[in-house]
Amino acid sequence: MKHYFQNHIFILACFFVHPAMSQPPVGDIIIRNGTVLTITKGTLADTDILVQDGKIKSIGKDIKAIKGVKEVDAHGKFVMPGIVDAHSHIGIDAVNEATHPVTPEVKVGDAIDPFDISIYRALAGGVTTSHAMHGSANAIGGQCQTMKHRYGEMDPISFVFEDAPRTVKFALGENPIRVHGEGRGVQPRTRMGVERVIRDAFEQGLIYKEKWNKYNADKLKNSQAVPPVYNERYQTMADILDGKVIIQCHSYRADEILMLLKVLNDYGVKKITFQHVNEGFKVAPELAAFGAMASVFSDWWAYKFEVYYSTAYNATILTRNGVVTSINSDSGELIRHLFHEAAKTQRYGDLSDDEALSLITINPARQLGIDHKVGSIEVGKDADIAIYSHHPLSVYSVPQLTIVDGIIRFDIENDPADMRVYIDPEEESPTYYGNEETEGCMRDTGILDVHRH
Amino acid sequence: MKHSLFTLLFSFFVLTVSGQQVEKSTFGVFALVNAKVETVTSGTIENATVVIQNGLIASVGKNVSIPAGAQIIDCKGLTIYPGMIDGGTHLGLQEIGSISVTQDYDELGELTPEMDALTAVNPNSVLIPVTRVSGVTMVIAKPSGGLFPGTAALINLHGYTPEQMFGGFKAMVINYPSSGRRSRWDRRTDEEVKKEGEKAVKKLNDTWARVKSYAEIDSATQGNAEYNPELAALVPVLNGDMKAFVEVNKESDILSALRWIKKNKIKAVLTGVAEGWRVADSIAASGIPVITGPVLSTPTRDSDRYDQAYKNAGVMLKAGVKVALRTDETENVRNLPFNAGFAATYGMGKEEALKAVTIIPAEIFGVADQVGSIESGKKANIFVSDGDPFEPATQIKYLFIDGWNVPLESRQTLLYEEFLNRAPGVKQQPLPGKS
């Protein structure tokens with residue numbers, strides 16, 4: 001931890017000297033003699049990993065020590081890529097802009113909370129990257145934020161995953177119906193309405209795009225040409241149509257999944273990951289044929305009617321049908337033990353160790369378009385690494401060390417009880433919150449009984 | 001005639017197939033041979049036989065005679081465990097979380113101790129087979145909400161009526177007033193939280209004073225006190241004839257509840273007890289047992305260690321508290337073994353964690369002579385697995401509840417079978433609209 005704080009102070013110093021610094025803090029480290037679960041290139045016994053400038057420089061036996069570079073002994077321990085959570089709501093101040101069924105103009109990344117203790121707790125479970133999502137109140141919600149868990153940094157910008165593709169939340173079924181149809185008396189009140197709302201938004205995006213195309217052509221000939229009024233909502237729809245933004249769609253039922261696939265076919269949109277997608281197993285062949293991906297719960301079901309006909313074998317069925325599948329948390333509690341959630345696929349199905357671990361590493365990285373940087377232990381990738389006492393699919397495994405860009409962000413050997421970065425000076429004694437679920441897709445909508453999703 | 005016979009056969013087929021959710025269980029004499037037996041109360045026996053007869057464990061051991069006609073099940077490489085018991089759930093009392101008409105655990109009003117959870121247990125809940133195939137054979141189905149929500153009941157996860165399922169134990173639930181916030185999103189001011197907490201304590205004490213005088217009048221009038229079902233329901237707790245589940249979580253509330261229990265001489269079990277680790281010695285000194293969980297939950301304060309909830313059960317155990325575990329779940333009570341696994345990893349140890357989901361809850365409920373371990377004469381509530389049941393990769397191979405051989409089927413396994421290789425699969429022609 002001493003090392004951590006030294007680093008920390010150094011980084012802060014840099015920050016104050018160069019307030020415009022945009023490079024993420026990076027570190028050097030050598031991890032010795034671990035059982036390395038690379039995910040993409042098999043398991044390597046008694047292997048070293050050299051990290052320089054936050055990247056994995058080499059993987060092999062007996063890597064030469066470098067003066068001044070910290071070494072970590074991982075003998076008898078398991079070294080895997082930092083876990084990627086494709087669906088969470090931690091580290092952000094607001095989740096739902098529940099005022100209109102279509103709000104792709106808002107961005108949850110505008111309000112990153114560097115002090116959220118949930119980020120540290122996620123690190124303590126080996127999670128180095130999370131996808132902080134807009135909620136599911138709107139048929140087309142806001143843009144989400146892919147984040148690196150650089151807990152200890154003070155500047156919200158430090159948490160942004162550099163160059164991660166833009167993502168936008170869509171939501172089908174009960175949630176947008178309840179919030180808008182039932183709650184506000186506007187479309188959508190049914191799954192028919194959800195389709196219409198989405199088609200209308202794409203049409204508006206096309207019209208908007210056409211106006212700008214026309215203007216851009218006109219202005220070459222006519223210097224007096226008047227540009228269309230800029231509209232962030234329709235511009236984002238145009239960006240989705242142009243493949244610049246990956247859709248992340250909250251969905252449950254097979255029929256609504258098929259509906260969106262048809263809509264996307266009509267508009268030529270290819271990039272989509274379905275979130276939750278509890279009935280994805282029923283349309284796994286269609287998802288695979290489209291190239292759509294799926295990010296699911298390990299075992300959540302029956303919390304609402306549209307997930308009553310679910311099965312915990314969902315991840316296995318999707319994987320066996322060729323769908324790139326991940327397991328996500330959608331929860332500040334679950335994000336702490338995603339390795340355990342992935343392990344459940346070996347009870348509910350027959351996935352191999354690598355297949356099970358892919359669900360929380362390389363597969364979610366693919367879904368977020370960051371698989372060239374994270375999700376496996378390979379030379380050249382970001383040094384986002386988690387070390388466990390036992391095989392991470394065992395219930396007896398305890399996370400030991402979590403590294404982000406070569407910097408130790410969690411170390412069980414140096415882990416004081418209170419890891420808050422910011423403490424309210426007016427707080428008399430630490431506040432008791434109970435142990436209710438605190439994160440979820442329906443936060444900020446006023447609908448409490450589906451507080452989890 | 002031919003036609004009517006066909007109709008009869010057809011309707012019989014429809015009734016038997018569509019009427020049942022899963023395969024029927026079978027009853028009989030079973031001999032589980034070549035098994036490793038984790039008895040829980042008297043160690044591990046290798047290469048042992050367990051005989052199940054008349055719904056009971058007839059015999060356990062290495063040299064056991066197998067009754068003629070017994071169905072022999074070879075358990076080579078497998079281990080026999082007593083069925084796990086979840087110390088607190090809403091199983092059977094809720095079908096779908098967001099649909100209030102399927103929730104039967106929270107009656108209107110602060111004082112409804114006359115409510116009986118067993119009444120509302122739905123034996124045909126789809127959630128029950130999903131749960132039991134994990135090796136959980138008994139749960140507490142508990143009411144919640146208000147100060148006195150009613151009586152909780154121990155149920156077997158098998159049977160077609162609540163009476164068939166009843167496990168022989170009921171307890172009165174008391175939600176001890178909380179002086180804390182309910183969650184991060186509890187928007188009340190500090191003053192409101194404090195005021196409401198004090199008001200609730202006053203209400204609890206007032207009610208208890210009324211129960212006392214009601215009991216005195218009732219006794220003085222030879223059972224002719226004026227009709228009052230609320231107060232009458234609490235008299236067995238006052239007299240020590242019924243245990244109380246006192247739900248309490250915050251440090252200061254736990255200490256306050258311990259004083260209240262002592263003062264009123266109530267036979268109590270503390271439930272929840274999320275901050276038990278802070279006052280473990282006080283709980284141990286009181287001699288009051290605890291049902292804690294979920295283990296897989298976040299710490300109660302931002303300032304707490306990230307793994308404090310995992311450690312809570314172990315800390316209390318080491319201080320000398322009798323600790324059972326619960327999931328406090330409904331549809332995912334199947335995660336009880338994983339909650340126990342985390343408790344084991346974070347201080348409880350495997351052996352004690354297994355006890356905390358078998359013999360310890362049985363003892364707390366006063367049914368340890370019937371369930372909670374593999375001993376001859378006990379009910380045949382057992383499961384057979386290919387390894388440590390706390391490990392996710394382990395598969396449950398056989399399940400017996402009350403001696404019934406229960407098929408390892410649920411809607412979730414049936415959906416797996418149907419959809420793993422769906423037929424028809426994807427259509428060969430492109431989707432409509434694809435250019």
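Computed from a predicted model, the values in this text were never measured in an experiment. Here is how names work: the chains are called A, B, and so on, in the same order as the sequence lines, proteins then strands, and each is numbered from 1.
Contact of A/Leu318 with chain B is not made at all, since no heavy-atom distance falls under 4.5 Å. Proximity to chain B involves both the backbone and the side chain of A/Ile317, based on heavy atoms less than 4.5 angstrom apart. Proximity to chain A (any heavy atom under 4.5 Å) is shown, for B/Val193, by neither the backbone nor the side chain. Interface remark: A/Ile412 contributes side-chain atoms only to the contact with chain B (heavy atom separation under 4.5 Å). In this structure, chain A has a heavy atom under 4.5 Å from the side chain of B/Asn335, while its backbone stays farther away. Looking at A/Asp299, both its backbone and its side chain come within 4.5 Å of chain B, counting heavy atoms on both sides. Contact annotation for A/Arg121: both backbone and side-chain heavy atoms come within less than 4.5 Å of a heavy atom of chain B. With a threshold of 4.5 angstrom between heavy atoms, B/Thr413 approaches chain A through its backbone and through its side chain. With a 4.5 Å cut-off on non-hydrogen atoms, B/Leu414 does not touch chain A at all.
Residues A/Asp415 and B/Arg305 come closest through the heavy atom pair O-NH1, 2.9 Å. Smallest separation of non-hydrogen atoms from B/Phe338 and A/His340: CB-NE2, 3.3 Å. Across every non-hydrogen atom of A/Gln346 and B/Ala393, the tightest pair is OE1-CB, 3.7 Å. The two atoms that bring B/Glu331 and A/Ala302 nearest to each other are CB-CB, 3.8 Å, heavy atoms only. In terms of heavy atoms, A/Asp418 sits closest to B/Asp302 at OD1-O, 4.4 Å. What you find for B/Ser98 and A/Arg178 is that their closest heavy atoms are CB-NH1, 4.2 Å.
For the residue pair B/Glu251 and A/Tyr432, no side-chain donor N or O sits within less than 3.5 Å of a side-chain acceptor on the partner. Side-chain atoms of B/Glu391 and A/Ser394 form a donor-acceptor pair, as typed in the model, at a separation below 3.5 Å. Residues B/Asp388 and A/Tyr396 have side chains that bring a donor and an acceptor to within less than 3.5 angstrom of each other.
Listed by sequence position, B/Ala344, B/Thr345, B/Tyr346, B/Lys350 are the residues of residues 343-352 of chain B in contact with chain A, using a 4.5 angstrom heavy-atom cutoff.
B/Arg334 forms a cation-pi arrangement with A/Tyr348, by the criterion of a distance under 6.0 Å to the ring centre and an angle within 45° of the ring axis. A cation-pi arrangement is absent between A/Arg336 and B/Tyr306 under the rule of less than 6.0 angstrom and at most 45 degrees off the ring axis.
With contacts defined as side-chain heavy-atom distances shorter than 4.5 Å, the pair A/Phe281/B/Leu420 does not qualify. Residues B/Pro392 and A/Val395 are in side-chain contact: their nearest non-hydrogen atoms beyond the backbone lie under 4.5 Å apart. Inter-residue side-chain proximity for A/Tyr308 and B/Arg411 is flagged as met; some heavy-atom pair is nearer than 4.5 Å. Residues A/Arg347 and B/Pro337 have side chains in contact (heavy-atom distance under 4.5 Å, counting atoms from C-beta outward). Residues A/Thr316 and B/Tyr416 form a side-chain contact, since some pair of their non-hydrogen atoms from C-beta on lies under 4.5 Å apart. Annotation: side chain of B/Leu127 is in contact with side chain of A/Trp301 (closest heavy-atom distance under 4.5 Å).
Residues meeting the ring-ring contact (aromatic ring centres under 6.0 Å, His included) test with A/Phe305, sequence neighbours left out: none.
Here A/Ile117 is the residue among A/Val263, A/Leu393, A/Ile117 with the most heavy-atom pairs under 4.5 Å with chain B.
Taking CG of B/Leu296 as the reference point, atom CD of A/Glu341 lies at 7.5 Å (rounded to 0.5 Å). Between the OH atom in B/Tyr310 and the NE2 atom in A/His337 there is a gap of 4.5 Å [rounded to 0.5 Å]. For the atom pair CG of B/Asp304 and CZ of A/Arg420, the computed distance is 9.0 Å after rounding to the nearest 0.5 Å.
Ring geometry for A/Phe339 against B/Phe342 counts as tilted: the plane angle lies between 30° and 60°, on a 0 to 90° scale.
Distance alone, capped at 3.5 Å, places no donor-acceptor pair between the A/Asn321 side chain and the B/Asn421 backbone.
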